[in-house]
Each structure stands twice: as C-alpha cells, then as structure tokens.
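Notes follow once the structure below has been shown.
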Amino acid sequence: MSNIRAIRGMNDILPNETPAWQQLEAVVAATVRGYGYGEIRLPVVEHTELFKRSIGEVTDIVEKEMYTFNDRNDESLTLRPEGTAGCVRAAIQQGLLSVPQRLWYAGPMFRYERPQKGRQRQFHQVGVEAFGIATPDIDAELILLSARLWHQLGLSSSVTLQLNSIGSNESRAAYRAALVAYLAQHRDALDADSQRRLESNPLRILDSKNPDTQALLDGAPELSEYLDEESQADFARLCELLTAAGVEFDVNPRLVRGLDYYNKTVFEWVTDQLGAQGTICAGGRYDGLVAQLGGKATPGIGFAMGLERLVLLMEEVGSVAHDSARADVYVIAGGDLAHQCALVQVERLRDAHAGLRIVQHVGGGSIKSQIKKADKSGAMVALIWGETEVDEGTVTLKPLRGQGQQLTLPLAALPEALDTALSVES
RNA sequence: GUGGCCGUAGCUCAUCAGGUAGAGCACCGGAUUGUGACUCCGGAGGUGGCGGGUUCGAGACCCGUCGGCCACCCCA
C-alpha cells in the first residue's frame, strides 16, 4: 500500500538544512544572552482554555486554527499555536513575576492553516518576553535586541521595522466604535472578509490587503487620534529612544495585531523578499495579559520570530555559511583485521583530537571504493590501514586536497602528522 | 476554507496523433596486483502520486482523491 507520509504542513528539516538552523539558533542564543535574558522551556501542550483566554475567543487562531483534542481524561488540550500564553502561564505558576523578568524560549508551534511559502502547520518560533516593566525603555530594548539579531544574521538591509501604538483598552474601544460607525456607512464598498470582520474584529480591517478597502480607510478615523495621553507619551518616548539608537522605523498607523492581548506598542519586522508571508518577527505590549490569566497585574511585552521564514531569508540573501564537508578525516581499512586495528587507533585519535570530525569507513569494500568515499566525504586527509600497515605498526596518511605527499608513518607519529597535514591543507 | 498551476527513476526534467518510458546528475561495478578527483565502458533503478472512467489500447483524455507550489485568508 501507500507509504506513510509526514502530516501535511509538518516538514522534516534535513541534514543539508540543519546547518542554517544551527547558525540561526546560535546567533539567537548568543544575542539574547548578551541582553541578560534567561531561557525558559515550556510544554508543547497546554489546556485549551489558556489559549482561548489569552489569544481571544473570536480570533481566527482560536476559532479555526488550533490543534485541539481531548486526552484520555477527557480534558481539552491544545498544541500551542504561539508561545506567549504558555510563557505567561508558567511565569505566574512558578512565581517568576515578583521581580522584573527577561525570558526567551524556542520551539515548535502548531496552527492548522493551508501551507504555503513561509507558512506551515508545525513551525518554529523564538519568543522573547519581558515582564514587570511598564516604561517604554523596555520596548526599545526589545526592538534593539531584534535589530541586533538581523545585523548578526546579515539581514539588516532586507528588513524594515513597522511601528504603531494601539493604545489602552479604553481608547482602543472608543476608536473601534468610531471605526465601525464609519465603515458601517460604507458597508457595501467593503470586501466580503472585511464585512465579516466588521462584527468580529473590526480593527483587523485596517491591515486588509484589498486596495479598495484601503482606499476607503483613507477617509476613516485614525487610531492615533483616539490614543490616551499615556500611550501617546510612551510611544513618543519609544520613537525617541529608537532614533537615538539609530534604529530606523516606519510609523504605520494601520498596524494592528491578530491576537487580542496586545495594547500600546505593536511592531513588525517585515521583508519583501519572501512573498506573501513577509513578517519575520512581530510583537508588542500586553499589559493586561498576566492579570487576565489570573496573575497579579504585571505589564508585559514581547515578540516572536518565525524561524522558517528567517532561514528562508538567510538563504535568499546568501548569509548562510554552508560548508559541505562532513568529515575532516576519513579512515580506510583493507580487511577485517585492519578495520579492527583502525577502530582502536581511531578511538585514541578521538581522545586526542576532540572536535575533529573523524569518519571511519564501515561496510567493507575495496580500497579504491573506500578512497572514493573519502573523497566525497569532503575530508582533508584519509588514513589507511592495510595489511602492510598492520604488520608494521604504521598507518598511511594520504592528503586528499592540495598537493601534499602521501606518507606512511609509525602510529606514534600520527597525531602530530595529522595536525600538520590539517593545518597545511586548510 | 477559496482559487490558479503542478505530481514521470534518489534529484532536475524530457518524450509522444493516446500504442505499455528516456536524458543529465547521483548511485554501483570495471579500465592488471592496496589509492580518489578528469576520462572511457558497463550496470542497477520507475505497476508515470493513488483510485475510477473513456478507449482495442492511457503516464498522456475525463472525474475523484491525496500531495506539492503560489496566492487569497491568516500570521511568525
């Protein structure tokens, strides 16, 4: 019958792709460390209720994109569609919020969406969250951190920062009413999706891609006119700090968020090099979320970035440092006895040369075919044990790149000879 | 959930008025006795995504289904 395939939208990341991921992950880990953020590791599965209460009941994520199921105890569980909710839950539950906290995490997220470029059903995010700091200096810090990441990854010239403030819940509610009032007068001019959102989530109409809808919005009330004083002041301060730090940004008054918990600062890093899924990183403030999930009122702010999209972008701009070699040294043996002898010596070599990639040929075959494998492995040198070498207690060192000469030497001389061979050839 | 394009060897792709498939790369072996890269020779590998239909006959036409890509939508 037909073979079992991976689940749609849940991709294998193959050995030729993992170096880019490792590169990305290493840069992220080093950068967040440099800002004093601590890593937190969170479950992939949470109570469904957590996401309903944080993301919002009427969002698309909760309504139609979550992997929700009942466990054997008949409890409704959900594969996390994003990381902030779980992070906040853990911070409350583990009592991390009595002092300001800077946290980060990485891992797979799950959303039932139609797969396309830069969008899959299991995808990976890195999230960075800061709790207990209400002032906009932390907003600036997070954005500077993200900007540094792009710099480290060679992506700075490929991304731009979109910035906005969506204000307090009260000011946003007032704006929402005004927007609905305006759009309701022009209901017929709205596209079908926007008409539907008029009831469910009118602010989302602001970032509609429909040109007619966007044109209609030109005459609509502006969110910025409804901002409360504090939000205005904080946003101005944030802009000031970013400018002082030399971070360029575009204020986009129609930038909103698809998750309900955001307030005040929202931002997105976008690129035009990935097609339709151009947001590589997005976040904002969520001052009400901790209290909403049962914790003591604590301000919060954070962002998440999509690792698949970042890897795509890194490949797009050629900032992936790929080295095709899988080995530094390839070990060849002629016959079982020689293989056994080589096996022992190679383990000693690994003791002495930690970090060196030593691949020992297995599965037999002629010396010729083994040398072919050695060549294809990308190794700089081959070590050969044949009958002669075993009898004489020697080993043959054959350089595979450059014009070094092959030589047979006593085992005791091998470590040093290997060092020189590798340093000369590299 | 909607739409467009697509689904032939491991990979990239071809072929043909519909008559039961080919190339390049990769892989394996050989070109005298234990030595790669270049070259030459040879070999293996496909129930043409899956199921049904039309036909004397289908990979080629039709329908369905699954999958892929892109876009809508959504969002990281």
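First the proteins, then the strands, lettered A, B, ... as listed; each starts at 1.
- A/I367 places its CD1 atom 13 Å from the P atom of B/G30, with the value rounded to the nearest Å.
- If you measure from atom CG of A/L14 to atom P of B/G10, you get 16 Å, rounded to the nearest angstrom.
- Residue-level contact check: A/G9 touches the backbone only, with heavy atoms under 4.0 Å from sugar-phosphate atoms and none from bases.
- A salt bridge does not link A/R121 with A/E113: none of the charged nitrogens is closer than 4.0 Å to a carboxylate oxygen.
- Using a 4.0 Å heavy-atom distance criterion, A/L400 is classed as a base contact.
- Residues A/N210 and A/Q125 each lie close to RNA chain B; by heavy-atom proximity, the contact nearer the 5' end of the strand is made by A/N210.
- Taking only side-chain atoms of A/R197, from C-beta outward, the nucleotide of B/C28, B/U35, B/C74 with the closest atom is B/C74.
- Closest to the A/P115 side chain, of the nucleotides B/C69, B/U35, B/C28, is B/C69.
- In summary, the side chains of A/S165 and A/T265 do not present any donor paired with an acceptor at a separation below 3.5 Å, with no hydrogens or angles considered.
- Shown here, B/C38 forms no base pair; nothing in the strands shown gives a Watson-Crick or G-U wobble contact with both key distances under 3.5 Å.
- For the P atoms, the distance linking B/C27 with B/C11 amounts to 15 Å, nearest Å.
- Rounding to whole angstrom units, CZ of residue A/R5 and P of B/G67 are separated by 8 Å.
- In this structure, B/U55 forms no base pair with any nucleotide, since neither Watson-Crick nor G-U wobble geometry is met with both distances under 3.5 Å.
- Going from the C1' atom of B/A9 to that of B/U32 covers 35 Å, rounded to whole Å.
- Heavy atoms of A/Q370 sit nowhere under 4.0 angstrom from any nucleic acid atom.
- Residue A/R8 contributes atom CZ, which lies 9 Å from atom C1' of B/C66 at whole-angstrom precision.
- Remark: the separation of the C1' atoms in B/G18 and B/C61 is 8 Å, to the nearest Å.
- A side-chain donor from one of A/R254 and A/Q214 sits under 3.5 Å from a side-chain acceptor of the other.
- In this structure, A/G258 reaches the sugar-phosphate backbone alone: every heavy-atom distance under 4.0 Å involves primed, P, OP1 or OP2 atoms, never a base.
- A/L310 comes within 4.0 angstrom of nothing in the nucleic acid, heavy atoms only.
- Residue contacts for A/G127: at a heavy-atom cut-off of 4.0 Å it reaches no nucleic acid atom on any strand shown.
- If you take CD of A/E113 and P of B/G1, they are 13 Å apart, rounded to a whole angstrom.
- Side-chain nitrogen and oxygen atoms of A/K117 include none within less than 4.0 Å of the OP1 or OP2 phosphate oxygen of B/C72.
- For the pair A/D272 CG and B/A71 C1', the computed distance is 17 Å after rounding to whole Å.
- Scanning atom types as modelled, one donor and one acceptor separated by under 3.5 angstrom connect the side chain of A/R119 and the base of B/C74.
- Taking 3.5 Å as the limit, the base of B/U35 and the side chain of A/Q406 contain a donor-acceptor pair of atoms between them.
- With a cut-off of 3.5 Å on both Watson-Crick or G-U wobble distances, the partner of B/A21 is given as none.
- Here A/R257 reaches the OP1 or OP2 of B/A76: one of its side-chain N or O atoms lies under 4.0 Å away.
- Comparing the C1' positions of B/A17 and B/G57 gives a spacing of 14 Å, expressed to the nearest Å.
- Across the strands present, B/C5 finds its partner in B/G68; the criterion is a Watson-Crick or G-U wobble pair with both atom distances under 3.5 angstrom.
- A gap of 24 Å separates the P atoms of B/A58 and B/A14, to the nearest Å.
- Taking the six-membered ring where the residue is Trp, A/Y330 and A/H361 present tilted rings, their angle falling between 30° and 60°.
- Nucleotide B/G48: unpaired (no Watson-Crick or G-U wobble partner with both distances less than 3.5 Å).
- Between A/W269 and A/T279, the side chains place no donor N or O within less than 3.5 Å of an acceptor N or O (distance only, hydrogens not considered).
- Across all strands shown, B/U15 remains unpaired; no Watson-Crick or G-U wobble contact has both distances below 3.5 Å.
- For A/K368 against B/U35, no side-chain N or O and base N or O form a donor-acceptor pair under 3.5 Å.
- In this structure, A/A282 reaches the sugar-phosphate backbone alone: every heavy-atom distance under 4.0 Å involves primed, P, OP1 or OP2 atoms, never a base.
- In terms of phosphate contacts, A/Q116 brings no side-chain nitrogen or oxygen within less than 4.0 Å of OP1 or OP2 of B/C70.
- Donor-acceptor pairing under 3.5 Å is lacking for the side chains of A/Q122 and A/Y67.
- Rounded to whole Å, the C1' atom of B/C69 lies 26 Å from the corresponding atom of B/A21.
- Separation of the P atoms belonging to B/C28 and B/G36 is 15 Å when rounded to the nearest angstrom.
- In this structure, A/M109 atom CE and B/C74 atom P are separated by 21 Å, rounded to whole Å.
- OP1 or OP2 of B/C72 has at least one side-chain nitrogen or oxygen of A/K209 nearer than 4.0 Å.
- For the pair A/E389 and A/R114, both in contact range of RNA chain B, the more 5′-proximal nearest nucleotide belongs to A/R114.
- Pair assignment for B/G43: B/C27, on the basis of Watson-Crick or G-U wobble contacts that are both within less than 3.5 Å.
- With hydrogens and angles left out, the side-chain atoms of A/R309 and A/Q277 include a donor and acceptor closer than 3.5 Å.
- Rounded to a whole angstrom, the distance from the C1' atom of B/C56 to that of B/G19 is 10 Å.
- Figure legend. B/U33 is base-paired to no nucleotide; pairs are counted as Watson-Crick or G-U wobble with both atom distances under 3.5 Å.
- Between the side chains of A/N164 and A/N252, not a single donor N or O lies within less than 3.5 Å of an accepting N or O.
- We find that NZ of A/K64 is positioned 12 Å from P of B/U2, with the value rounded to whole Å.
- For the salt bridge (Lys or Arg N to Asp or Glu O under 4.0 Å) with A/E46, the lone residue among A/R80, A/R89, A/K52 that qualifies is A/R89.
- Out of B/A76, B/A71, B/G36, the shortest distance to the side chain of A/A276 is found at B/A71.
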